[in-house]
Each structure stands twice: as structure tokens, then as C-alpha cells.
Number of protein chains: 2
Amino acid sequence: MPSDGQPADPAKSFQPHDHSHCVADAVAALEAYCSENGVKLTPVRRRVAEILLAEHRAMGAYEILDVLRGEGLGSQPPVAYRALDFLTTHGFVHKVERLNAFVACTHPGADHSPAFLICRSCNKVAEAEAPGTDGQLGKAAAAVGFQIEQAVVEVEGLCPDCTDGA
Amino acid sequence: MPSDGQPADPAKSFQPHDHSHCVADAVAALEAYCSENGVKLTPVRRRVAEILLAEHRAMGAYEILDVLRGEGLGSQPPVAYRALDFLTTHGFVHKVERLNAFVACTHPGADHSPAFLICRSCNKVAEAEAPGTDGQLGKAAAAVGFQIEQAVVEVEGLCPDCTDGA
DNA sequence: CAAGATATGTTATATGATAACAAAGGATCC
DNA sequence: GGATCCTTTGTTATCATATAACATATCTTG
């Protein structure tokens, strides 16, 4: 598992930060992960990761595909979906169900259960850690005998930037 | 707002219960709500509510449409989507983002933020109350200045029935 | 009854996702 | 080194989900 050079808390995503550094680190982490785990970081996969990392924003598969197409890296939907599957499986990209869109993981590596803060105004998406099985819902589920395997936690609202002036 | 004659806790959804009673109550609540609030419970709207209430399961819009079509109540997608919009707006149906599907609300009336427990084996969906702004995530959001307007909380796993024998 | 508002019917199309199979590239074994 | 296998990519076609736009009907109210 790669080390974590990315913002691990949601505040950072909404604050100005050295984003090129942020992208470079994440790509490095992805490279390290792939070589350590014997999986291939092909040009398409790498490029899709970069495209998503370039924005703190969820992008639709077809939006990503448009970029790939412009670069001659594949022009049909399966190309984008396969790369997204790969990155999702290995924890470097998450799907935002609410938006039917994908976002780069901001602290890849460890197995984690992400929660998303989606700004409806500027469309930025920040990743936070979802409350685990020790939270209110986890306890309620345990009480009725429901075994949680996966959680989707996505809240929509206004980020700090858009609450203030905007 | 209608009174609540439905199971208000997730356990009930996974337990055997008098379901015809359960459906009848919910329809009655819907009727009462509509007459009290001066909105129309048209045949299509009523029937869509019944269809969803008949199962503790999320159904796709096209699946619902198939039923309507068989009954001569409309055969084109907008018919189903409009009824679902109406029921969703008034809080009698929720959309399960994870499944791109819809489920009848089991305790309609009050404004509430639902959480869903989705069984991946039997496909039943139970509704619980989502942790509010006082939960872990709510506090984390408040700490970074994010204003939560709406929350999607959907956990997937095995319900009590499917954990045991099945 | 006329006029406005709400709901439905219908056509067409946008948007998101995958099945299926052919071809290319890289790793492995003899 | 070459045959073989496995993974990835290219491509076609299609499925699934959702909505725009406009015509028609029905209900409401002055």
C-alpha cells in the first residue's frame, strides 16, 4: 500500500493548496502501488487517474472519455469504464453514487470507507472518513442483526467557499 | 402530515408482519396527506405507491412502468417518473441512489433524513433514521464549515434472514 | 362558460453502463 | 526462440436510466 501524501481531511479539499504537488504525489503513490502489487499501470489507467486528480470534482465517465478521445487514448465507453473499474478496485478512485460520477481518492492506500461532502454550488467533492460500525447507524444495524459490508455516505450542501461570499 | 402506522424501525422490515395491513395504512396516510394538503392523489400516483408498498424492496422506474403498462395506466417512462417525483417530493417514496431505484417510505410524514439497509441477498430494503448533524460526520462537516443540506446514507450487506440460514 | 393551472399522453433523445468478441501485447514455459 | 497463455485494448452493439418538449385533457375557479 502506498503512503499517503494527500490531504487526509476534508478541509484541505476546499482550501487552496499546491495542487500540482498533490497530483504528482498521488500518481507516485499509484505507481508504487502497482509495481509493488504486480499490476499494470497502463497509459490509459494512468491518464484517467491524472484527469481525475486534476480536479477536486467528480467527473462522469463520458466526460473523462472525451478527454481520452482528444488525446487518442481510446474513444469508446468501455475504455473509460475499464480504467475506472481498475482504479476503483484498487482504491484510487471512488464512485459518487449520487452523481453517477467518479472522483480521485484523496488518501488512497488503506482500506477505508469514504464519505463525501459534495458542494452543489461549485461541484467540488471532499472526501472524509465515514463513521464506522461504532457510529449511530452501525449500532442500529448491529442491533437488528444487519451485517454491514459497504457504506455509501454522501452529503450534499454548500462548501465553506460557497457559503461565504458566493 | 399523516400519522405513522408503519414500522418505524428497521427490524420490522426484515421480520414477518401483517403486510396487507401495512400497505393499507400507508395508502390511507397518503390519502389523508393529499386531501389535507390540497394535492391530488391521481390513479397513477396511487397505484405507484401501492406497487412500491407491496414489497420491502427497491424497484426501478421501468419495472414499475411495466406493472402500470399491464394495467393500462400509462406506458411511457415519463408517466412513471412523474408519479415517482410526486411521491418523492411529498416524502412517501425515497430514491435509493446506490440502486437507481425507488422504495416506499416506511414512516412518511415528518421531514426526515432516511438511511437504508440494503440486503444484497434478498434485496429487501429497510429504512432507518440517518444520524443527523450531531453525528460524527455532521460534526466533521461543521468543523470545516460545510453546510449539509441533504444526506445519502445507504449501507449494503446481509439482513438478519440472509445471515442465518440462507 | 372562459381562462388558468395541473396532470397525462406521446415522441424523441440524452445520459450512463455493459455484453460480447476480435485483436494486440507481454509473460512464461519448454 | 517460439508456442502458449493471460491480460489489456479496440470495437460494435445494445441495454438501462432519465428527461426535454409539446400536445391534449381534465380539473378549478372566477
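Just so it is clear, the values below take in all heavy atoms, side chains as well, and ignore hydrogens, waters and symmetry mates.
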Atom pair distance, as rounded to whole Å: [atom1] in [X] and [atom2] in [N]:
X       : N      : atom1 : atom2 : value
B/Arg69 : C/dT8  : CZ    : C1'   : 15 Å
A/Met59 : C/dA17 : CE    : P     : 14 Å
A/Glu97 : C/dG16 : CD    : P     : 13 Å
B/Leu65 : D/dT19 : CG    : C1'   : 14 Å
B/Leu41 : C/dT6  : CG    : C1'   : 15 Å
B/Asp85 : C/dA7  : CG    : C1'   : 13 Å

Point to revise | Basic-acidic side-chain contact under 4.0 Å: B/Glu63, B/Arg57 | key: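 B/Arg57 and B/Glu63: salt-bridged.
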Point to revise | Residues A/Glu55 and A/Lys124 bridged, charged N to O under 4.0 Å | key: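 A/Lys124 and A/Glu55: not salt-bridged.
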Review point. How about B/Tyr33 and B/Phe92: are their ring centroids closer than 6.0 Å?
Key: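 Yes, the ring of B/Tyr33 comes within the 6.0 Å limit of the ring of B/Phe92, centre to centre.
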Check your understanding: How about A/Glu127 and A/His94: does a side-chain donor come under 3.5 Å of a side-chain acceptor?
Key ->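 Their side chains do contain a donor-acceptor pair, which is all the 3.5 Å distance test asks for.
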**Study point:** Min side-chain heavy-atom separation A/Tyr81-A/Phe86 under 4.5 Å
**Key:**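 No - every pair of side-chain heavy atoms lies 4.5 Å or more apart.
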Point to revise | Audit row: A/Val27, A/Glu50, side-chain contact (heavy atoms from CB on, under 4.5 Å) steps and yes/no | key: CA-CA 7 Å; A/Val27 172; A/Glu50 288 171 357; 3.8 Å; yes
Revision key, fill the gap. Protein-proximity profile, nucleotides 8-17 of chain D, B/S/- by nucleotide at the 4.0 Å heavy-atom cutoff, equals SBBBB----B
